[in-house]
K.L.:
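Quick one: the structure is below, questions incoming.
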Amino acid sequence: MDALEVNRFRAKLALFVEDVFASVPRKDQRAKGDCYLRGLMLDGRRKSVQAMASRLPDGNEQNLQQFVNQSPWDPVPVQRRIAERMLPLIDPTAWVVDDVSVPKDGRMSVAVAPQYCGALGKQANCQVAVSVHAATDAASCPLQWRLFVPQEWASDLDRRRKTGIPDQLVHREKWRLALDILDELAGWGLAPPVVVADAGYGQNADFRAGLTEREVAYVMAVRSDVTVHPHDAQPVTPPWSGNGRKPQPRYRHKPLSVAALATSHGRQAFNEVTWRTGSRGPMRSRFLTLRVRPAGVKARRLAQAAATAEQGHWDGVLPEVTLLIEWPKEAEEPTDYWLSDLPEDTPIRELVRLAKIRWRIEHDYRELKHGLGLDHFEGRSWTGWHHHVTLVTAAHAFLTEQRLSPKARTPASRSTRPLTPSRPC
């Protein structure tokens with residue numbers, strides 16, 4: 001936005017800040033929040049505090065630095081209020097689990113480490129954050145963030161102290177952070193219609209089992225080397241000789257990779273599906289669904305543990321899910337694969353629409369990063385990072401409100417459980 005556009009929305013922004021930052025006790029802090037949001041939305045290449053203060057007529061660099069880096073206001077109630085406000089407006093088709101990386105120089109920015117950096121497509125010194133977004137094809141909104149703390153930070157007491165990482169915070173894998181976010185949102189009375197994720201999460205049997213345990217449906221990408229049994233395969237138990245341990249039930253044939261299974265059906269089994277209309281016309285490709293049973297040591301152990309806990313024994317049968325496969329007309333072989341535990345009669349068009357909805361998050365990440373300065377924060381502290389991403393989320397939410405519903409309120413969302421009232425924090 002240019003200065004005229006920002007001024008045109010000042011009254012609406014003031015009402016937004018009054019609601020979303022109601023948990024921030026001091027009036028002067030809320031005023032700084034208003035100023036920071038205007039700085040994020042105002043045109044400008046960099047959205048560091050110094051750069052934003054120089055563009056704003058009421059910008060005071062020292063005040064904004066203190067507000068984002070040292071002020072003790074709690075970002076969690078602000079995030080909760082944004083989620084409660086945005087979910088009815090967006091009425092999401094799915095919640096999308098994702099992560100974002102920010103390249104960094106040096107060693108002292110909180111949780112920075114050499115690791116895979118998606119922004120650069122290679123190993124690099126960066127920060128990584130896990131996020132969950134409510135999404136439709138029309139809009140999305142980040143609901144929560146977790147900064148990934150690499151293993152090397154777990155025992156580095158000097159850097160932890162200097163950056164202010166809470167003592168109880170330890171290294172947790174990204175898939176566990178995603179489940180932590182879903183648990184916190186559930187504690188707010190918010191539930192996803194379905195969870196969508198890329199292969200970095202979908203490949204992980206523990207993550208899929210964690211969603212199943214929480215009774216959360218999913219559609220998640222997997223790599224071509226994931227192994228499965230056909231749905232009609234049945235385990236058999238070898239006869240017991242009477243000596244030693246009784247044999248466990250086993251599938252008679254080795255599992256196939258999803259790539260091998262897909263190819264075995266041939267091109268003729270795939271049908272064209274149109275899942276949405278893009279800027280250049282209908283989005284189409286060729287797809288096939290198969291019922292399968294994910295295999296592998298981890299999947300087997302998780303299935304055995306779940307069945308034993310629920311029934312007291314396990315018959316060796318692996319859970320059945322849907323495998324969705326894409327084989328574009330011009331491709332020599334299948335290109336993409338997803339697993340879903342949605343009901344078997346879910347229409348293939350709906351499965352494809354959900355599998356492809358991550359495009360919305362990638363689109364909105366461009367605004368979050370390049371337009372609103374998600375990756376422009378120059379502070380080093382745990383507190384500053386969480387304040388900044390909360391303020392960026394608030395700015396994105398405000399702009400989304402203006403695009404979608406500048407006047408009218410919307411009915412309750414499918415993500416809000418009806419028995420839990422929505423209320424300001």
Side-chain angles (χ1 to χ4, degrees), residues 175 197-213 217-271 273 285-328 331-348 351-352 354-355:
W175 66 269
D198 66 15
Y201 295 90
Q203 193 79 10
N204 191 304
D206 284 300
F207 184 59
R208 299 197 306 268
L211 293 176
T212 300
E213 181 183 338
Y218 61 77
V219 178
M220 291 192 288
V222 294
R223 296 197 308 260
S224 60
D225 59 353
V226 164
T227 58
V228 296
H229 293 285
H231 79 284
D232 55 355
Q234 294 293 324
V236 296
T237 303
W240 182 42
S241 66
N243 296 318
R245 297 177 62 181
K246 289 185 177 182
Q248 295 294 312
R250 290 281 189 271
Y251 283 87
R252 185 170 299 174
H253 301 289
K254 288 184 177 181
L256 295 171
S257 71
V258 292
L261 183 63
T263 304
S264 70
H265 282 73
R267 288 176 178 271
Q268 69 280 359
F270 289 72
N271 295 304
V273 176
S285 189
R286 301 169 73 246
F287 295 88
L288 172 68
T289 59
L290 300 170
R291 295 293 286 177
V292 298
R293 301 180 187 276
V297 174
K298 176 63 74 171
R300 178 182 175 85
R301 288 176 178 171
L302 290 168
Q304 182 173 5
T308 302
E310 184 176 338
Q311 304 167 13
H313 70 283
W314 186 47
D315 58 8
V317 177
L318 292 166
E320 186 178 353
V321 297
T322 296
L323 171 65
L324 173 67
I325 311 158
E326 180 178 6
W327 192 338
E332 295 183 0
E333 59 187 16
T335 57
D336 295 283
Y337 309 85
W338 297 264
L339 293 178
S340 171
D341 68 345
L342 285 168
E344 184 177 357
D345 60 356
T346 302
I348 188 170
L351 284 174
V352 173
L354 289 167

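One is the number of the first residue; the rest follow in order along the sequence.
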K.L.:
Identify the two heavy atoms, one from Leu318 and one from Ala299, that lie closest to each other, and give their separation to 0.1 Å.
P.N.:
CD2-O, 4.2 Å
K.L.:
When you compare the side chain of Leu211 with that of Met220, does any pair of heavy atoms fall below 4.5 Å?
P.N.:
yes
K.L.:
Would you check if Phe287 and Ile348 make a side-chain contact, meaning some heavy-atom pair closer than 4.5 Å?
P.N.:
yes
K.L.:
Is any side-chain heavy atom of His231 closer than 4.5 Å to one of Leu290?
P.N.:
no
K.L.:
Applying side-chain contact (heavy atoms from CB on, under 4.5 Å) to Thr212 and Tyr218, what does each step give before you reach the verdict?
P.N.:
CA-CA 8 Å; Thr212 300; Tyr218 61 77; 3.9 Å; yes
K.L.:
Around atom CZ of Arg267, are there more than 12 heavy atoms of other residues, nucleotides or ligands at under 6.0 Å?
P.N.:
yes
K.L.:
Treating Gln268 as the side-chain partner and His265 as the backbone partner, does any N or O pair qualify as donor plus acceptor under 3.5 Å?
P.N.:
yes
K.L.:
Should Val317 and Arg293 count as side-chain neighbours, where that means a heavy-atom distance under 4.5 Å?
P.N.:
yes
K.L.:
If every non-hydrogen atom of Glu332 is compared with every non-hydrogen atom of Trp327, which pair is closest and at what distance?
P.N.:
O-CZ2, 3.4 Å
K.L.:
Measure across Pro255 and Thr227 and return the closest heavy-atom pair with its distance rounded to 0.1 Å.
P.N.:
CB-CB, 3.9 Å
K.L.:
Indicate the atoms forming the closest heavy-atom contact of Thr263 with Pro334, along with that distance.
P.N.:
OG1-CD, 3.9 Å
K.L.:
For the residue pair Trp314 and Thr308, what are the closest heavy atoms and their distance?
P.N.:
CB-OG1, 4.2 Å
K.L.:
Could you tell me the separation between the CG atom of Leu323 and the CG atom of Leu339, rounded to the nearest 0.5 Å?
P.N.:
6.0 Å
K.L.:
Is the number of heavy atoms from other residues, nucleotides or ligands under 6.0 Å of His313 NE2 greater than 12?
P.N.:
yes
K.L.:
Should the ring pair Tyr251 and His229 be called parallel, tilted or perpendicular, given that the plane angle runs from 0 to 90° and is split at 30 and 60?
P.N.:
parallel
K.L.:
Does a sphere of radius 6.0 Å around CD in Glu310 hold more than 12 heavy atoms from other residues, nucleotides or ligands, not counting ones at 6.0 Å or beyond?
P.N.:
no
K.L.:
Grab the two heavy atoms, one from Pro328 and one from Ser285, that are nearest each other, plus how far apart they are.
P.N.:
CA-OG, 3.7 Å
K.L.:
Should Pro249 and Asp315 count as side-chain neighbours, where that means a heavy-atom distance under 4.5 Å?
P.N.:
no
K.L.:
In Å, rounded to the nearest 0.5 Å, how long is the span from CG of Asp206 to CZ of Arg301?
P.N.:
10.5 Å
K.L.:
Between CG of Asp232 and CZ of Arg291, what distance do you get to the nearest 0.5 Å?
P.N.:
12.0 Å
K.L.:
Is any side-chain heavy atom of Gln203 closer than 4.5 Å to one of Asp225?
P.N.:
yes
K.L.:
Rounded to the nearest 0.5 Å, how far apart are CG of Leu342 and CG of Leu324?
P.N.:
11.0 Å
K.L.:
If only atom types and distance count, is the side chain of Thr346 paired as donor or acceptor with the main-chain N or O of Pro343 below 3.5 Å?
P.N.:
yes
K.L.:
Between Arg208 and Pro294, is any pair of side-chain heavy atoms under 4.5 Å apart?
P.N.:
yes
K.L.:
Could you check whether any side-chain heavy atom of Thr322 comes within less than 4.5 Å of a side-chain heavy atom of Leu351, counting everything from C-beta outward?
P.N.:
yes
K.L.:
Supply the atom-to-atom distance Leu354 CG to Ser340 OG, rounded to the nearest 0.5 angstrom.
P.N.:
7.5 Å
K.L.:
Looking at CG of Asn271 and OG1 of Thr289, how far apart are the two atoms once the value is rounded to the nearest 0.5 Å?
P.N.:
9.0 Å
